[in-house]
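Chain naming here is simple, since letters A, B, ... match the order of the sequence lines and numbering starts at 1 in each. Every heavy atom of this structure was used, including side-chain atoms; hydrogens, water molecules and symmetry mates were not.
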Amino acid sequence: MQTNFTAAQLEKPEIAVANNILRTCVHCGMCTATCPTFVTIGDELDSPRGRIYLIKDMLENDRAASQEEVLHLDRCLSCLSCMTTCPSGVDYMHLVDHARVHVNETYQRPLTDRLLRGVLAQILPYPKRMRAALNLARLAKPFAFLLPGESMLIKRMRAMLNLAPAKMPAPQSLGGTVHKAIGRHNGRVALLAGCAQQAIGPSINTATIELLNRLGIEVVIPEAAGCCGALVHHMGRHDEALEAAKRNVNAWSDGAEYDAIIVNTSGCGTVLKDYGFMLRDDAMAAKAAAVSAKTMDISEYLLKIYEPTSVPPDITVAYHAACSLQHGQKITAAPKTLLRKAGFKVVEPKDPHLCCGSAGTYNIMQPDIAASLRRRKLDTLKAKSPDVIAAGNIGCLTQLAGDGIPTVHMVELLNWMAGGPKPAALNGV
Amino acid sequence: MQQAKPKPGILDKRAEIIAGLQAILPERAVIGDNISLKPYETDGLSAYKQMPLAVVLPETEAHVVAIMKFCNLHGVRVIPRGAGTSLSGGALPMADAVVIGMMRMNKILDINYADRYAVVQPGVTNIAITQAVQDEQFFYAPDPSSQLACMIGGNVSMNSGGAHCLKYGVTANNLLGLRIVTIEGEILEIGGKQMDAAGYDWLGLITGSEGQLGILTEVTVRILRSPEGARAMLAGFASNEVAGQCVDAIISSGIIPVALEFMDKPAIHACEDFAHAGYPLDAEALLIIEVEGSETEQSEMLARIRDICAAYHPVSMRVSQTAEESAAIWKGRKGAFGAVGRISPDYLCMDGTIPTSELPNVLKRIQAMSDEYGLKVANIFHAGDGNLHPLIMFDANDAESFHKAEAFGADILKLCVEVGGCLTGEHGVGIEKRDLMSVQFTPSELDQQRRIKSAFDPAWLLNPSKVFPLSGLAAAE
Ligand SMILES: Cc1cc2nc3c(=O)[nH]c(=O)nc-3n(C[C@H](O)[C@H](O)[C@H](O)COP(=O)(O)OP(=O)(O)OC[C@H]3O[C@@H](n4cnc5c(N)ncnc54)[C@H](O)[C@@H]3O)c2cc1C
Ligand code: SF4
Ligand code: SF4
């Protein structure tokens with residue numbers, strides 16, 4: 001569609017990129033129908049096409065972001081369902097990433113909002129801090145009902161407390177460890193251990209490492225690698241995100257040869273695969289592109305080498321497709337193929353393209369929309385009467401937990417059928 | 001494009017009007033600030049833009065009634081909007097008008113399999129109806145390519161068609177009843193839950209009335225039993241004309257496939273890029289032909305169609321073997337307009353109908369015009385119905401390119417009328433074709449149609465700048 005940038009504006013590389021993206025959009029509206037927020041709220045402004053238009057107007061007029069734009073951009077889950085739907089190939093992800101940076105640079109958020117975002121950015125990426133915070137939250141959780149009123153801040157705090165697990169798992173610190181292949185040697189990979197995941201879902205990394213080792217793959221977790229930067233990236237904290245990206249690119253380019261960089265939290269995987277773009281103008285652009293090219297979701301990697309060894313139990317697994325996998329990385333069949341290969345009966349909910357509302361810190365920042373998407377997803381999952389819900393992303397697992405059906409990472413199920421332990425969540429099934 | 005003059009006094013009362021609407025509607029149902037109104041300034045025809053006075057998003061029929069009473073009382077114009085996918089600018093706002101967005105009224109109210117109907121609110125998307133009934137082996141037949149997004153209220157207002165309408169008819173042939181709210185805020189029930197009602201064909205009148213007679217608040221559609229099976233076939237040809245001749249031959253033979261779709265080379269390439277359907281990239285033109293029924297019926301029909309195609313020396317012929325292959329073939333066709341966005345920043349999608357025997361001739365003349373105007377065209381259309389969709393590619397950032405595209409488009413539509421066809425197949429007249437209406441109709445025919453609008457909407461408040469040349473609105477006022 002038409003854009004109105006001046007020649008001077010177009011000289012800025014970010015604006016030139018935005019302009020190219022905007023010009024591929026033909027304003028057909030196909031993307032609106034598969035956008036979780038449009039389906040929930042029913043307003044063009046909460047649809048991809050509406051957001052694209054808001055961003056276009058804001059950038060064209062070189063205007064500081066206003067409360068209205070921020071409202072609708074904040075409501076975007078970055079689930080990228082719109083990119084799967086768009087026939088024209090509009091790169092919404094990079095457009096909204098840029099818009100978020102613009103918001104971060106030009107908009108003064110209300111104090112409570114700023115504080116909350118600051119706190120999240122200071123805690124979530126660091127496993128130790130995260131653990132400490134969760135321990136506190138766990139203690140406070142029984143008193144969540146005492147939080148007075150229905151203001152957004154209170155709702156956000158309640159949402160935060162609700163995410164704390166009832167029982168804290170043992171601490172996990174994998175940085176700087178090497179896990180040798182068992183028996184044969186078929187390859188060597190680096191694993192992104194994740195930040196929040198080490199604190200709240202250590203069994204996922206354990207299962208990943210065990211399974212890969214048993215399949216003859218050595219797993220290395222370089223000391224220097226840390227949080228992927230997704231969290232701050234989605235908050236528009238550009239510099240912090242780039243810092244995380246650079247640190248990781250360096251850590252995985254340390255001279256050691258890896259066949260692949262494995263990710264078992266698909267939310268992070270999407271960002272790793274974007275390092276090449278994020279650092280395109282940096283001195284380390286080539287290294288970053290190489291890291292992105294080597295990044296694989298665990299399901300992609302396992303597809304060729306996974307071999308189950310156990311007799312499958314009669315269990316129905318509802319596969320929940322994480323947005324970062326199905327839309328961000330376009331991986332749709334691999335996880336289901338693997339689960340079937342392992343011998344499980346696999347079912348899928350209606351509207352599998354819709355987000356569960358987890359989306360990083362979305363369930364804290366947008367508790368109402370997140371709760372309604374969670375309910376919708378759980379209802380459609382339960383309609384298929386599963387014994388367990390499996391997904392490839394810890395965010396989704398946390399979001400969908402606590403409604404009577406156990407949730408596990410699919411790699412835990414795969415490991416179980418290949419000689420590993422039965423996932424603790426399944427005790428009783 | 002010329003805009004109608006705002007009504008005197010309305011723009012000055014904007015703040016009062018917004019406050020008045022806020023008073024009768026729930027929170028966040030009224031949009032009145034210029035930043036938030038911006039994305040509502042256009043629809044699927046994004047070359048035309050106009051900021052509205054305000055947008056309202058009703059959730060219930062009672063809200064609609066309240067809005068209409070309020071607007072009627074204050075003489076405020078109203079523009080209904082569904083998903084905003086109109087390609088003729090049907091939902092384009094006016095400076096002094098309130099846009100009434102129907103997307104929050106998106107509930108399926110009743111499904112009756114025994115009597116084969118579904119009652120839905122206007123904001124339900126076309127595909128959602130089929131999705132709601134497909135587990136019981138039913139479907140809703142009209143399938144515009146925009147079916148993922150467009151809403152049934154918009155479909156009824158534009159009398160939309162789609163690839164499978166060759167066999168099943170367009171929206172009008174699949175409707176049983178409607179509820180509309182008039183500009184006075186009265187509710188009318190039209191038709192019912194079975195075919196045909198007593199008296200005038202009201203249903204036929206409202207269908208295709210482009211939001212000019214009332215606001216639809218409930219639609220009862222007919223649902224059909226899904227066919228036993230269906231198979232799509234691809235046939236590539238060496239030129240547009242030969243493909244056109246083949247279409248004519250298939251139709252003249254008396255065979256009615258469920259769908260008979262045409263794409264030319266630029267379209268084939270753009271769609272293949274998006275859908276990876278295995279379209280023949282070496283062909284100049286492609287026909288997608290779908291048949292349905294039992295296995296034997298399908299095979300018999302396909303054999304006959306293959307024989308006909310063979311006479312036109314196809315460069316390739318392929319029958320899809322799996323459901324996935326068919327799905328990919330249709331994904332490409334249904335995403336075709338958007339996919340053209342991959343090869344051109346902008347397009348104008350024309351929509352005219354011609355007798356199928358004129359296809360080869362018309363395609364040749366469109367190509368000649370394309371050379372003359374220096375603008376590329378991609379042709380994607382419902383060939384079986386003779387419903388053309390030439391997509392004129394242009395650059396909206398270049399004003400001259402846009403004006404050429406508009407003139408080229410008008411020439412194509414005049415050509416359609418000249419060869420005995422019609423200005424619009426299924427996208428409606430909207431704002432795009434309103435000035436060409438006098439090419440199609442005599443003054444007295446137009447007057448008679450305007451009198452019908454006046455009977456429903458005496459002050460011409462409902463979507464008044466569309467369908468008729470602007471002189472009609474001026475005369476009515
Ligand atoms: C990519 C693409 C492909 C398309 N393919 C096809 C196709 O194959 N066949 C086809 O026929 N069309 C097609 N269209 C055109 C368009 O999708 C149809 O015209 C559709 O019916 C519009 O529905 P909508 O919900 O988007 O309505 P809108 O565009 O919002 O509105 C259309 C008209 O209906 C009126 N209206 C909407 N809702 C109501 C209501 N509740 N009460 C009263 N009036 C109302 C509006 O005022 C306007 O005049 C296509 C469009 C696109 C972008
Ligand atoms: S589907 Fe793509 S081209 Fe169409 S409006 Fe959405 S982003 Fe734009
Ligand atoms: S990323 Fe998801 S929430 Fe955001 S606009 Fe796209 S579909 Fe909607």
Side-chain angles (χ1 to χ4, degrees), chain A residues 1-5 10 19-35 38-58 60-61 63-72 81-82 84-90 333 350-351 353 383, chain B residues 28-29 31 33-47 49 55 57 59 81 83-87 101-106 123 125 127-128 131 145-151 270-271 273-275 331-332 334-342 344-347 395-397 402:
Chain A
M1 64 183 160
Q2 191 180 23
T3 56
N4 283 305
F5 290 105
L10 288 172
N19 182 54
N20 285 340
I21 299 173
L22 289 166
R23 297 230 58 200
T24 37
C25 173
V26 292
H27 211 260
C28 66
M30 296 291 254
C31 53
T32 57
T34 56
C35 170
F38 181 77
V39 173
T40 310
I41 301 167
D43 182 348
E44 176 84 17
L45 304 175
D46 288 307
S47 80
R49 184 176 65 173
R51 293 189 176 110
I52 289 171
Y53 219 84
L54 285 170
I55 296 171
K56 170 171 123 73
D57 195 51
M58 175 171 81
E60 281 174 349
N61 292 297
R63 176 174 72 212
S66 74
Q67 199 186 332
E68 289 303 319
E69 282 134 354
V70 173
L71 174 75
H72 301 291
S81 175
C82 45
T84 299
T85 305
C86 175
S88 198
V90 172
K350 186 170 174 276
D351 296 332
H353 60 276
Chain B
R28 290 215 81 89
I31 301 171
D33 68 281
N34 282 339
I35 287 182
S36 310
L37 286 175
K38 196 76 182 166
Y40 282 96
E41 73 175 0
T42 184
D43 57 14
L45 176 56
S46 67
K49 307 179 185 88
V55 171
L57 303 172
E59 282 165 41
R81 178 180 170 112
T85 67
S86 169
L87 289 170
M102 302 301 290
M103 48 273 208
R104 287 187 175 167
M105 290 183 64
N106 63 355
T125 58
I127 204 157
Q131 283 170 346
S145 304
S146 51
Q147 69 185 141
L148 183 65
C150 67
M151 297 170 175
C271 296
D273 244 19
F274 164 56
K331 182 179 171 195
K334 301 229 158 166
F337 296 174
V340 168
R342 291 167 184 258
S344 169
D346 303 277
Y347 63 75
D395 178 355
N397 283 5
F402 173 55

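A distance of 7.0 Å separates OG of B:Ser36 from CG of A:Leu54, quoted to the nearest 0.5 Å. Note: A:Cys28 SG to B:Leu87 CG = 9.0 Å, rounded to the nearest 0.5 Å.
Contacts of B:Lys334 with chain A are made by backbone atoms alone, with heavy-atom separations under 4.5 Å and no side-chain atom involved. Of the atoms belonging to B:Ser145, it is backbone heavy atoms, and not side-chain ones, that fall under 4.5 Å from chain A. Of the atoms belonging to B:Ala339, heavy atoms from both backbone and side chain fall under 4.5 Å from chain A. Residue A:Cys86 touches chain B through its backbone alone, counting heavy-atom pairs closer than 4.5 Å. Contacts between A:Arg51 and chain B at a heavy-atom distance below 4.5 Å are absent for every atom of the residue. The part of B:Met151 that comes within reach of chain A is its side chain, from C-beta onward, which places non-hydrogen atoms under 4.5 angstrom from that chain. Heavy atoms of A:Val90 lying under 4.5 Å from chain B are absent altogether.
Remark: B:Phe402 engages B:Phe394 in a ring-ring contact (aromatic ring centres under 6.0 Å, His included) (not counting sequence neighbours). When the salt bridge (Lys or Arg N to Asp or Glu O under 4.0 Å) test is applied to B:Lys38, the partners found at least two apart in sequence or on another chain are B:Glu41.
Side-chain contact between B:Leu57 and A:Asp43: present, with at least one pair of heavy atoms (C-beta onward) separated by less than 4.5 Å. Looking at A:Gln2 and B:Asp395, their side chains never come closer than 4.5 Å, going by heavy atoms from C-beta outward. Using a 4.5 Å heavy-atom threshold, the side chains of A:Val26 and B:Tyr347 count as touching. Contact check for B:Asn397 versus A:Phe5: no side-chain heavy atoms found under the 4.5 Å cut-off.
Taking chain A as the reference chain and counting heavy-atom pairs below 4.5 Å, the highest number among B:Thr125, B:Thr85, B:Ile127, B:Asp43 is found for B:Asp43. Most heavy-atom pairs under 4.5 Å with chain A: of the set B:Ala275, B:Ser46, B:Gly335, B:Gly338, this distinction falls to B:Gly338. Ranked by heavy-atom pairs under 4.5 Å with chain B, the first of A:Thr34, A:Thr32, A:Ile41 is A:Ile41. Counting heavy-atom pairs closer than 4.5 Å to chain B, the top-ranked of the candidates A:Asp57, A:Thr24, A:Asn61 is A:Asp57. In terms of heavy-atom pairs under 4.5 angstrom with chain A, the leader among B:Arg81, B:Glu59, B:Gln131, B:Lys331 is B:Arg81. Residue with the most contacts toward chain B among A:Lys350, A:Met58, A:His72, A:Arg63: A:Arg63 (heavy-atom pairs, distance under 4.5 Å).
What you find for A:Arg23 and B:Ala396 is that their closest heavy atoms are NH2-N, 3.4 Å. When all heavy atoms are compared, the tightest approach of B:Tyr40 to A:Leu45 is CE1-CG, 4.0 Å. In terms of heavy atoms, B:Ala149 sits closest to A:Ala33 at CA-CB, 3.8 Å. Nearest approach of B:Thr42 to A:Tyr53, heavy atoms of both residues: CG2-OH, 3.7 Å.
Between the side chain of A:His27 and the backbone N or O of B:Leu45, no donor-acceptor pair lies under 3.5 Å. In this structure, the side chain of B:Arg342 engages the main chain of A:Pro87 through a donor-acceptor pair within 3.5 Å.
Partner A:Glu68 forms a side-chain contact (heavy atoms from CB on, under 4.5 Å) with one of B:Ile31, B:Ile35, B:Asn34 and no other, that one being B:Ile35.
Salt bridge absent: A:Glu44 and B:Arg104 never bring a charged side-chain N and a carboxylate O closer than 4.0 Å.
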